[in-house]
Protein chains: 2
Amino acid sequence: MSSESTNHEPPTADARPRRRADAQRNIGSLLEAAKEVFASEGVDAPAKEIADRAGVGVGTLYRHFPKRSDLVLAVLEHDVEACVEAARTLSAAEEPGDALVHWIGRYTDVVATKRGLAAALHSGDAAFEGLGQRLLAQLEPSLAALLERAEDAGAIRRDVDPDDLLRAVAHLCAPGPDGTAFSQRMVRLLLDGLRA
Amino acid sequence: MSSESTNHEPPTADARPRRRADAQRNIGSLLEAAKEVFASEGVDAPAKEIADRAGVGVGTLYRHFPKRSDLVLAVLEHDVEACVEAARTLSAAEEPGDALVHWIGRYTDVVATKRGLAAALHSGDAAFEGLGQRLLAQLEPSLAALLERAEDAGAIRRDVDPDDLLRAVAHLCAPGPDGTAFSQRMVRLLLDGLRA
DNA sequence: ATAGAAGTGGAAGTACGTTCCGCTTCTATT
DNA sequence: AATAGAAGCGGAACGTACTTCCACTTCTAT
């Protein structure tokens with residue numbers, strides 16, 4: 001909980017001169033508060049809860065993050081970047097098949113760990129409009145590269161779409177009575193279905 | 001849309017003397033209305049919508065179906081029974097492996113067709129408490145029988161839990177941009193993972 | 001120091017779920 | 001057919017949450 005390095009641009013990032021210092025501070029507080037609240041109550045926790053914990057009014061929350069999905073995405077940014085990075089690292093360090101499996105495992109963890117994320121992704125709720133698309137857009141290239149490499153190595157079949165796979169895993173990550181164990185089992189089963 | 005044959009017992013069915021005729025009629029109207037509304041707006045449609053369409057007050061809806069899951073389950077009853085029946089029929093008529101695949105296909109249709117059902121099942125929303133458990137309880141024996149037969153025939157691996165499979169398929173059935181096509185594709189992939 | 005832009009907070013409007021209870025309708029009984 | 005009491009009904013009332021809006025505050029460039 002120290003650095004606020006990432007420069008945030010919720011809406012269109014363009015010819016903005018600069019952002020007032022207090023606004024920047026509030027955005028930081030909101031992100032921190034949201035991370036905590038999301039972890040303990042899920043991504044559909046009341047807006048007031050987050051605003052209160054951040055010490056700002058709800059208006060400020062909505063100003064910076066008009067849709068719930070903006071906030072979720074911002075909180076997830078770090079995880080998503082880590083996934084993209086991991087794809088590079090794994091691809092360089094492991095066999096094509098292993099790299100793929102390990103990366104999927106990591107992605108599974110990210111989604112399964114965020115309480116209510118999987119449900120939110122497919123709730124159809126307007127507040128989460130586009131969340132799935134945006135996550136997909138960021139991760140699709142990473143997975144596509146891993147898949148292609150595995151295909152070329154003959155480790156997996158050739159008819160699997162990266163978007164499909166990302167969506168499927170996200171679906172399977174809804175929390176159940178036995179924590180993430182169920183998710184892990186099912187994702188493994190799905191991966192078995194991938195083999196050539 | 002003609003017969004109201006099924007005798008409904010939302011709560012505990014026991015030493016109830018009888019049910020007033022108008023109440024029985026209202027329950028019928030509510031089920032019919034709910035089926036229509038669920039189909040067009042999803043299982044989390046506003047309660048008033050359903051009550052209005054049935055021509056009753058919201059109080060009446062809540063009296064007969066205290067939790068949303070009671071209503072959903074009642075509407076699904078017919079589909080669930082058809083699934084149970086299909087398990088018997090398919091098991092008698094087809095090869096073990098084929099029977100399993102066809103049955104899963106049918107189950108997939110049932111879940112994928114109900115707008116919002118998959119999302120509701122894992123929303124964690126209190127209103128849907130126990131819905132998953134109850135559906136699982138009704139369908140588990142059917143699938144267990146099919147699985148065992150397929151296992152004995154050497155068609156599939158032996159480490160698959162019927163509950164897991166039912167839950168996994170239900171998860172995969174959340175509606176996406178391409179209708180049920182995605183669900184079907186993913187379930188097929190999962191089934192490929194099942195092979196011995 | 002100051003003008004004006006940027007940002008803030010929370011009240012107000014909206015929507016929906018759920019409960020509660022006075023009133024209506026049914027049914028068993030005579 | 002009349003009637004008493006049980007069963008059921010409707011919808012107003014209340015609570016919770018989302019979202020918008022604008023008078024007011026705070027910041028920053030000059």
Side-chain angles (χ1 to χ4, degrees), chain A residues 8-31 33-34 37-38 41-72 116 120 123-129 131, chain B residues 8-31 33-34 37-38 41-72 116 120 123-129 131:
Chain A
H8 248 305
E9 307 285 346
T12 53
D14 255 324
R16 195 72 51 76
R18 208 189 327 169
R19 179 162 252 143
R20 247 171 64 172
D22 55 344
Q24 195 67 253
R25 215 179 314 126
N26 282 338
I27 289 175
S29 305
L30 279 167
L31 284 177
V37 173
F38 285 174
E41 302 192 39
V43 295
D44 49 2
K48 182 151 196 307
E49 186 101 4
I50 299 167
D52 283 353
R53 184 182 279 249
V56 306
V58 278
T60 302
L61 194 170
Y62 280 99
R63 157 173 287 265
H64 294 300
F65 304 98
K67 313 184 72 166
R68 179 58 63 108
S69 59
D70 296 322
L71 187 52
V72 176
S123 62
D125 190 328
F128 295 107
E129 194 65 46
L131 215 196
Chain B
H8 248 308
E9 309 284 345
T12 55
D14 256 325
R16 194 75 49 76
R18 209 188 328 167
R19 180 164 253 142
R20 246 171 64 173
D22 54 344
Q24 195 66 253
R25 216 179 313 127
N26 283 335
I27 290 175
S29 305
L30 280 168
L31 284 176
V37 173
F38 285 174
E41 302 192 39
V43 294
D44 48 2
K48 183 151 193 309
E49 186 101 3
I50 298 168
D52 283 353
R53 184 183 281 250
V56 305
V58 280
T60 301
L61 194 168
Y62 280 98
R63 157 172 287 265
H64 294 301
F65 304 97
K67 314 185 71 166
R68 180 56 65 108
S69 58
D70 296 321
L71 188 52
V72 176
S123 62
D125 191 326
F128 294 107
E129 193 64 47
L131 215 195

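Quantities reported herein were computed from a predicted structural model and do not represent experimental measurements. Letters A, B, ... are given to chains in the order of the sequence lines, protein chains preceding strands, and every chain is numbered from 1.
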Going from [atom1] on [X] to [atom2] on [Y], what distance comes out if it is rounded to the nearest 0.5 angstrom?
| X | Y | atom1 | atom2 | answer |
| --- | --- | --- | --- | --- |
| B:Phe65 | B:Thr60 | CZ | OG1 | 11.0 Å |
| B:Arg20 | B:Asn26 | CZ | CG | 9.5 Å |
| A:Lys67 | A:Glu129 | NZ | CD | 5.5 Å |
| B:His64 | B:Asp70 | NE2 | CG | 12.5 Å |

Side-chain N,O (A:Arg68) to OP1/OP2 (D:dC18) below 4.0 Å: yes
For a quick test of reading the model: is some side-chain N or O of A:His64 closer than 4.0 Å to OP1 or OP2 of C:dG7? no
How long is the line joining [atom1] of [X] and [atom2] of [N], in whole Å?
| X | N | atom1 | atom2 | value |
| --- | --- | --- | --- | --- |
| B:Arg19 | C:dT27 | CZ | C1' | 16 Å |
| B:Asp52 | D:dG10 | CG | P | 11 Å |
| A:Leu61 | C:dG7 | CG | P | 15 Å |
| B:Arg20 | C:dT27 | CZ | P | 7 Å |
| A:Phe65 | D:dT19 | CZ | C1' | 17 Å |
| A:Asn26 | C:dG9 | CG | C1' | 11 Å |
| A:Asp44 | D:dA17 | CG | C1' | 12 Å |
| A:Gln24 | D:dT28 | CD | C1' | 15 Å |

Side-chain heavy-atom pair B:Asp44, B:Asp125 within 4.5 angstrom cut-off: no
Do B:Ile50 and B:Arg68 make a side-chain contact, defined as non-hydrogen atoms from C-beta onward lying under 4.5 Å apart? yes
Of the nucleotides D:dG8, D:dT20, C:dC26, which one has an atom closest to the side chain of A:Tyr62? D:dT20
Could you please name the option among C:dG10, C:dT18, D:dC27 that lies closest to any side-chain atom of B:Val58? C:dT18
Classify B:Ala126 by what it touches in the nucleic acid, base, sugar-phosphate, or nothing, heavy-atom distance under 4.0 Å. nothing
Any base atoms under 4.0 Å from B:Ala51, or only sugar-phosphate, or nothing? Heavy atoms, all strands. nothing
A:Arg63 or A:Pro46: which one's nearest nucleotide on DNA chain D is closer to the 5' end? A:Pro46
Between B:Arg63 (side chain only) and B:Val58 (backbone N and O only), is there a donor and an acceptor less than 3.5 Å apart? no
Does any N or O in the side chain of B:Arg53 come within less than 3.5 Å of the main-chain N or O of B:Ser29, such that one atom is a donor and the other an acceptor? no
Between A:Thr60 and B:Ala47, which is nearer to the 5' end of DNA chain C once each is assigned its nearest nucleotide? A:Thr60
Judged by each residue's nearest nucleotide on DNA chain C, which is more toward the 5′ side, B:Asp125 or A:Asp22? A:Asp22
Overall bend - the helix from C:dA1-D:dT30 to C:dT30-D:dA1, comparing terminal axes fitted on five pairs, nearest 10 degrees: 0°
What about B:Arg18: does its side chain form a donor-acceptor pair under 3.5 Å with the base of C:dT27? no
